[in-house]
Amino acid sequence: ALVADRPRPLHGRRVLVTAGPTREAIDPVRFIGNRSSGRMGFALAEAFGARGADVILVTGPVARPAPAVAELVQVETALEMDAAVMARVADADIFVAAAAVADYRPAEVAADKIKKQMDELVIRLVKNPDILARVAARRPRPFVVGFAAETSQLEQHAVAKLHGKGLDMIAANQVGAEEGGFDAADNALLVLWAGGQHSFPLMPKPQLADRLVDLIVERYLASTP
Ligand code: CTP
Ligand code: CA
């Protein structure tokens, strides 16, 4: 069916989505990054928009063009992403954290390009804020959906993140495997919430995002009075 023909159950609702990787500077020319392509977050933003939502997309640096959204916020670091999210979350009805946020950043950013003088170089890292956990800890808060990227024990790790961060839903994907995930066109997901779970088989990310958004909308509407 055409996007325009779809029912618009999120008309008048605001959905905040994070996408892409973050970059954590080491010096003026180098950074620590990851393989996130932004595909899943962008596809989710588009799927929420197709259901009538006002979408705010906060994204790290990605090569692909961003979808048309109500507000596009381009950031680089985890701290910038955190600030951009916190400045906008109070108005959000749904928050979806699809970004691959760097867990750590260099403790110091060298003012000048680091020269290759020493045989070994040690870069000390400090923890970044967990944006998803910080949003979930707010009261009041939006309906909160997280992702979990795991290389093993998918369900156990996802359940731990669902409860540990106090999320409404978590979408877990196996990464570093042949089945897709990071930097891949296809993905499969195991989605968990307090009352149940659903598995989506391997499929192209736009299609997967569409089906995941239907599930999020169903659970979100069931959770609101
Ligand atoms: N996330 C976040 N801010 C961070 C780290 C992660 O918002 N600083 C979000 C991601 O967007 C994702 C979820 O938390 O929705 C889980 O990310 P993941 O890397 O799988 O889990 P972590 O909690 O970071 O734990 P670990 O990397 O140790 O598995
Ligand atoms: Ca992490």
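What you are looking at is a predicted structure, and each value in this text was computed from that prediction instead of being measured. Whatever order the structure lists ligands and atoms in, that order sets their numbers, starting from 1.
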Is it true that Arg30 and Asp27 have a side-chain N and a carboxylate O under 4.0 angstrom from each other? yes
Does Arg211 qualify as a cation-pi partner of Phe200, given the criterion of NZ or CZ under 6.0 Å from the six-membered ring centre and within 45 degrees of its axis? no
Looking at atom 28 (O) of ligand 1, what's its closest protein heavy atom, distance included? Asp103 OD2, 4.4 Å
Heavy-atom contacts with Gly146 under 4.0 Å: which atoms of ligand 1 show up? List them by number with element. 15 (O)
For ligand 1, is there an N or O atom under 3.5 Å from any N or O atom of Val101? no
Ranked by distance from atom 3 (N) of ligand 1, the top protein heavy atom is Ile131 N, 3.0 Å
of all protein heavy atoms, closest to atom 7 (O) of ligand 1 is Leu132 N, 2.9 Å
Which residue and non-hydrogen atom of the protein lie closest to atom 10 (C) of ligand 1, and at what distance in Å? Ala99 O, 3.4 Å
Closer than 3.5 angstrom, by distance alone: can the side chain of Asn173 be matched with the main-chain N or O of Glu150 as a donor-acceptor pair? no
Verify, without hydrogens or angle tests, whether Thr59 (side chain) and Gln74 (backbone) share a donor-acceptor contact under 3.5 angstrom. no
Contact between ligand 1 and Ala78 is defined here as a heavy atom of the residue under 4.0 Å from a ligand atom; is it met? no
Look at the side chain of Arg105 and the backbone N and O of Lys127, then say whether any donor-acceptor pair between them is shorter than 3.5 Å. yes
Lys165: heavy atom below 4.0 Å from ligand 1, yes or no? yes
Quick check: does any side chain N or O of Asp168 sit under 3.5 Å from a backbone N or O of Val144, one acting as donor and the other as acceptor? yes
Nearest to atom 15 (O) of ligand 1, what protein heavy atom do you find, and at what distance? Ala97 O, 2.7 Å
Residue and atom name of the nearest protein heavy atom (relative to atom 13 (C) of ligand 1), distance in Å to one decimal: Phe147 O, 3.0 Å
State plainly whether the residues Asp130 and Lys161 are in salt-bridge range, i.e. N to O under 4.0 Å. no
Within 4.0 Å of some non-hydrogen atom of Pro129, the atoms of ligand 1 are 3 (N), 4 (C), 8 (N)
The option among Val145, Thr151, Asp130, Val144 carrying the non-hydrogen atom nearest to atom 1 (N) of ligand 1 is Asp130
Please determine if Asp186 and Lys205 form a salt bridge, counting it only when a charged side-chain N lies under 4.0 Å from a carboxylate O. no
Tell me which protein heavy atom sits closest to atom 26 (P) of ligand 1, plus the residue, atom name and distance to 0.1 Å. Lys161 NZ, 3.9 Å
Report yes or no: do Glu24 and Thr22 form a side-chain donor-acceptor pair below 3.5 Å? yes
Purely on distance, is any nitrogen or oxygen of Ala148 under 3.5 Å from one on ligand 1? no
